[in-house]
Amino acid sequence: MKFKSIEFKDDQLILIDQRKLPDKEENFICKDYKDVEYAIREMVVRGAPAIGSVAAYGVALSAIDKPLEDEFYKRCEFIRQSRPTAVNLFWAVNRMLEVMEVDKEINYHKLKAEADKIYVEDIKTNKKMAQIGNEIIEENSTILTHCNTGALATVAYGTALGVIREAHYTGKNIFVYADETRPRLQGARLTAWELVKEGIPSTLIADNVAATLIRDKKIDVILVGADRIATNGDTANKIGTFMLSALAKVYDVPFYIVAPVTTIDFDIKTGDEIEIEERSALEVLKVRDAQIAPLEMNVYNPAFDVTPHENITGIITDKGIIYPPFNDNIMKIKE
Ligand code: MRU
């Protein structure tokens, strides 16, 4: 990898400040759990697996000054409330709390060791997923992707972009179209940044170009990530994913989700149970600091949408590719 999106050193969490990319490559340092909560909420760091890893370090940092148990739980809850949709956040906080509950002790070093484990596992998981996903990528494929699912959205490598990386590293001749992904432009600012750094042949498109490319048979496969997957296969991902899946269905283009098993919420049956985050109107009224609409205008700004399982060809996970019927096959992965 040509950069580290997340690094824990000298009791501090160092993050690439993703709000500033691609024009400025600056770090954001989290010195305590409050900085970690801020970093997740304000999208200094974003992407489901990255949020999970960072939240785990946030829980460890919550213990550094040896707080009383009530205060420690309050801090963990504060981190948990930072964003509502990506299940990796809750998964990571719960896993950290289990460590603490085993020996009923708030031990910073033990918690930090567990966060390190989550960090290392995420890298391994992504590499595994990339290898599994690469099997469905044919030579000379043109791939469409949405949002940023790369090394910035995970500890390293990525999910959907990890599969793309692997295809490129293994010498396949591939071409990528990246949606710019309004309103936060994760595709334009982050995916394009990663694709350029890796030298992967690619083109950036405005989100509304995708339909034309799909209709004109310019896309062989669509690969996207996930923030939460219900046990029937319904998948929450970046706003605009549902629209792509509907087009894929109409024009018969394979549509794959790439996500670790930790993104499956085994406690929910359908996508109706997924809380969709709504973010500030300013994200739509402005592009960064430039105003592009009257500030008095009403705005609807959901950060995610749910792709119904019937639009999904398969879910590429670290434990293999899950195909329909998702209800049965997702539960089998849990066993
Ligand atoms: O709002 P974001 O940028 O956190 O949303 C990110 C996505 O929707 C990604 O596609 C998803 O987290 C998978 S990333 C590996």
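Counting starts at 1 for both ligands and their atoms, following the listed order. Basis for what follows: all heavy atoms, side chains included, without hydrogens, waters or symmetry-related copies.
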Flag for E194-N148: side-chain donor and acceptor within less than 3.5 Å: yes

Short side-chain to backbone donor-acceptor contact, K172 and I137, under 3.5 Å: yes

Of L195, T191, I164, the residue whose pairing with S202 passes side-chain contact (heavy atoms from CB on, under 4.5 Å): L195

Closest to atom 1 (O) of ligand 1 among M129, K238, R46 (heavy-atom distance): K238

Heavy atom of the protein closest to atom 7 (C) of ligand 1 (residue, atom name, distance): D227 OD1, 3.2 Å

Going by heavy atoms, is [X] under 4.0 Å from ligand 1?
X    : result
A226 : yes
A86  : no
R83  : yes
R184 : no

If the cut-off is 4.0 Å to any non-hydrogen atom of [X], which atoms of ligand 1 fall inside it?
X    : value
M43  : 1 (O), 3 (O)
A153 : 14 (S), 15 (C)
N237 : 7 (C), 8 (O), 9 (C), 10 (O), 11 (C)
T159 : 15 (C)
P49  : 15 (C)

E98/R95 salt bridge by N-O under 4.0 Å criterion: no

Basic-acidic side-chain contact under 4.0 Å: D23, R288: yes

Q186 and ligand 1 - part of the residue with a heavy-atom distance under 4.0 Å: side chain

Region of A48 engaging ligand 1 - heavy atom pairs below 4.0 Å: both

Atom of E105, atom of K110 and distance for their closest heavy-atom approach: OE1-NZ, 3.9 Å

CD1-CE distance between I106 and M100, expressed to the nearest 0.5 angstrom: 4.5 Å

Pair F3 + W193: ring centers closer than 6.0 Å: yes

Check: G47 N/O within less than 3.5 Å of ligand 1 N/O: yes

Identified salt bridge (charged side-chain N to carboxylate O under 4.0 Å, His left out) partner of D65 from the options K31, R75, K34: R75

